[in-house]
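Hydrogens, waters and symmetry mates play no part in the numbers below; they use all other heavy atoms, side chains included. None of these values were measured; they are calculated from a predicted model.
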Amino acid sequence: MTIRKILTFPDPKLREVAKEVTEFNSDLKSLAEDLIETMYEFKGIGLAAVQIGVNKRVIVADVSEEKKEPFIFINPTIRILNEDEKGGYDEGCLSIPGFYEEVVRPTQVEISFQNLSGKKEEIIPEGLLGVVVQHETDHLDGKLMVDYISSVKRQRIRSKLLKLKR
Ligand code: GNR
Ligand code: NI
């Protein structure tokens, strides 16, 4: 298990579309373990492989109080169950440190995914887990929380984060 470095906006790698996982082997298991360890280290409630520079469709999430119930979703897809039910949530992102923005998303979704063995599963997440899984699935398609806000705000966040890096 290794704590990995998290890429920050506007790193171009965060804009890549991640590749489907086809091999369910021990490398995949250690990637998932690294993601979980890195998520806990940086006090996140979710993390996508692209955020640690790995271009694969793997995400993890843990919205529990005790931080001992990690979910692993391989090749996740989201189906909106009710287009009319939406909710706003003040989202944060470990790749956009220090910024919080309200994002409106569907509240009733179903997630289809594969587990570490490649077996297909589905869940209907409740509350925050549904928000986080949609946020993480966006990462796999190169999409970030800041894409939901105005471009003026996005540019401001971009230059602030670039200045912090220098
Ligand atoms: O730690 C995180 N918190 C969070 C809060 C509200 C909505 C989504 C998230 S995910 C984020 C970690 C992260 O950047 N995952 O990609
Ligand atoms: Ni994020």
Side-chain angles (χ1 to χ4, degrees), residues 2-21 28 31-32 34-63 67 70-81 83 85-114 123 125-166:
T2 317
I3 294 165
R4 309 275 288 258
K5 193 174 169 287
I6 296 180
L7 304 177
T8 54
F9 176 68
D11 191 310
K13 280 196 155 185
L14 291 170
R15 293 309 194 179
E16 290 176 9
V17 176
K19 293 195 166 64
E20 291 270 324
V21 171
L28 180 65
L31 169 62
D34 285 0
L35 282 170
I36 291 166
E37 197 183 8
T38 306
M39 171 178 70
Y40 288 149
E41 174 70 17
F42 295 101
K43 311 262 181 270
I45 55 176
L47 195 64
V50 289
Q51 292 179 277
I52 61 166
V54 176
N55 197 34
K56 290 186 181 163
R57 304 190 79 81
V58 180
I59 67 177
V60 298
D62 189 345
V63 298
K67 293 285 164 263
F71 283 98
I72 300 166
F73 301 107
I74 322 278
N75 300 327
T77 58
I78 293 194
R79 190 165 69 91
I80 300 167
L81 299 176
E83 296 277 357
E85 292 295 326
K86 290 186 197 298
Y89 197 90
D90 248 330
E91 298 194 12
C93 182
L94 292 172
S95 295
I96 312 170
F99 295 89
Y100 299 86
E101 296 293 340
E102 177 170 83
V103 179
V104 174
R105 300 184 189 272
T107 49
Q108 294 174 20
V109 294
E110 179 185 63
I111 308 158
S112 301
F113 63 99
Q114 283 167 282
I123 62 161
E126 303 239 322
L128 185 55
L129 184 61
V131 175
V132 175
V133 174
Q134 291 180 73
H135 173 115
E136 302 313 333
T137 307
D138 275 353
H139 275 300
L140 302 184
D141 294 324
K143 185 158 187 175
L144 296 169
M145 192 182 96
V146 288
D147 299 339
Y148 293 90
I149 62 178
S150 76
S151 63
V152 173
K153 262 186 163 180
R154 183 163 57 248
Q155 289 306 320
R156 207 176 290 145
I157 292 172
R158 185 178 181 276
S159 47
K160 281 183 184 162
L161 287 174
L162 282 172
K163 271 180 200 139
L164 286 175
K165 256 199 192 151
R166 286 191 285 142

If you define the side chain from C-beta out and look only at heavy atoms, does anything of [X] sit under 4.5 Å from [Y]?
X   : Y    : answer
F71 : V63  : no
R4  : E41  : no
T38 : L94  : no
F99 : K160 : yes
I72 : Q114 : no
V50 : N55  : yes
I6  : L47  : yes
F9  : R15  : yes

Grab the two heavy atoms, one from [X] and one from [Y], that are nearest each other, plus how far apart they are.
X    : Y    : answer
A61  : V132 : CB-CG1, 4.0 Å
V103 : E91  : CB-OE2, 3.5 Å
T107 : G87  : CG2-N, 3.5 Å
V109 : P125 : O-CD, 3.2 Å
P106 : I80  : CG-CD1, 3.7 Å
I36  : P70  : CD1-CB, 3.8 Å

Short side-chain to backbone donor-acceptor contact, [X] and [Y], under 3.5 Å:
X    : Y    : result
D138 : K143 : no
R158 : P10  : no
R57  : A18  : yes
N75  : E20  : no

message = Taking atom NZ as the centre, does K165 end up with more than 12 heavy-atom neighbours from other residues, nucleotides or ligands that are less than 6.0 angstrom away?
response =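 Atom NZ in K165 is packed in, count exceeds 12.
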
query = OH of Y100: more than 12 outside heavy atoms within 6.0 angstrom?
reply =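 It does not: Y100 OH has 12 such atoms or fewer within range.
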
task = Check the pair R154 / D147 against side-chain contact (heavy atoms from CB on, under 4.5 Å), numbers first and verdict last.
result = CA-CA 7 Å; R154 183 163 57 248; D147 299 339; 3.9 Å; yes

Say you draw a straight line from [atom1] of [X] to [atom2] of [Y]; how long is it, rounded to the nearest 0.5 Å?
X    : Y    : atom1 : atom2 : answer
E102 : D90  : CD    : CG    : 6.0 Å
E101 : C93  : CD    : SG    : 11.5 Å
F73  : T137 : CZ    : OG1   : 8.5 Å
I149 : I157 : CD1   : CD1   : 4.0 Å
M39  : I3   : CE    : CD1   : 12.5 Å
E136 : L129 : CD    : CG    : 10.0 Å

query = In terms of ring plane angle, is the pair H135 and H139 parallel, tilted or perpendicular, where the classes change at 30° and 60°?
reply =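 It falls in the perpendicular class, over 60°.
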
